[in-house]
Structures are given as structure tokens and as C-alpha cells.
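Notes follow the structure.
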Amino acid sequence: MAENIKYLEKLDRSRKELEQGKTISFSMEELKEMEKDDWKPTKRIIDFMKKFGWEIVAGNEPED
């Protein structure tokens, strides 16, 4: 029962984040690129991170 409550709370948080625009979607091509050792975040990803105050790690400048 407690596990169900925790799961429902998690779903509620996820729904709120979606409504607040705190989610980002990726295509399969983007996900495959992210698997590479030399991957750099795109400007879209950097902008999303900055929007929500997430730290940008040095050396991860966006690709143009």
C-alpha cells in the first residue's frame, strides 16, 4: 500500500513538471548521439538547463 502511495505521488510530481514545462523530449537520433564519449549538449539542451538553474559543467559547451 505504501509503495502505491509513493508511486502515485511520483506520478503527480511528474505531471506537475510536465505542466510547468520542466521536461524535454529527445528523438532516437539525439539519444544515440548522447551515447558517444565525445558528445556535447546542443544549444537546446543548454538553454533548457539554464532555464531551470541547472549547472553547466565546463567543457560541455553547446554544439551549433
Side-chain angles (χ1 to χ4, degrees):
M1 183 74 153
E3 289 179 16
N4 289 342
I5 292 171
K6 286 182 182 180
Y7 180 70
L8 291 173
E9 289 171 348
K10 184 176 181 179
L11 288 176
D12 284 340
R13 281 192 308 275
S14 294
R15 182 184 48 78
K16 288 176 186 173
E17 288 176 353
L18 178 63
E19 290 170 354
Q20 295 169 351
K22 294 182 177 180
T23 61
I24 188 168
S25 298
F26 299 104
S27 67
M28 284 305 297
E29 291 78 21
E30 289 172 312
L31 293 171
K32 287 178 183 177
E33 283 295 313
M34 289 178 182
E35 292 179 331
K36 296 180 180 177
D37 290 334
D38 62 347
W39 176 80
K40 300 274 188 204
T42 61
K43 182 175 180 339
R44 179 175 78 98
I45 295 170
I46 296 288
D47 290 346
F48 178 83
M49 293 172 69
K50 286 180 180 177
K51 180 179 177 181
F52 296 102
W54 296 354
E55 182 179 349
I56 308 299
V57 178
N60 278 343
E61 294 79 19
E63 296 280 322
D64 289 324

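Side chains are part of it too, since the values below use all heavy atoms of this structure and drop only hydrogens, waters and symmetry mates. From a predicted model like this one, the values you see are computed outputs, not experimental measurements.
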Not counting sequence neighbours, which residues clear salt bridge (Lys or Arg N to Asp or Glu O under 4.0 Å) with E55? List them please. none
Quick check for you: to the nearest 0.5 Å, what is the distance between I45 atom CD1 and E30 atom CD? 6.5 Å
Tell me, yes or no, whether the heavy-atom count around E3 atom CD, taken from other residues, nucleotides or ligands under 6.0 Å, exceeds 12. no
Are K43 and D47 close enough for a salt bridge, meaning some N to O gap below 4.0 Å? yes
Would you say I24 and R44 make side-chain contact, with heavy atoms under 4.5 Å? yes
Enter the distance from I46:CD1 to W54:CH2 here, rounded to the nearest 0.5 Å. 11.5 Å
Fellow cluster residues of L11, listed by chain then number, with links counted only when side-chain atoms sit under 4.5 Å apart: Y7, L8
Less than 4.5 Å apart, any side-chain heavy atom of R13 and any of L18? no
Taking all non-hydrogen atoms of both residues, which atom of F52 and which atom of K22 are closest, and how far apart? CE2-CG, 3.2 Å
Rounding to 0.5 Å, atoms CG (L31) and CH2 (W39) come to a distance of 10.0 Å
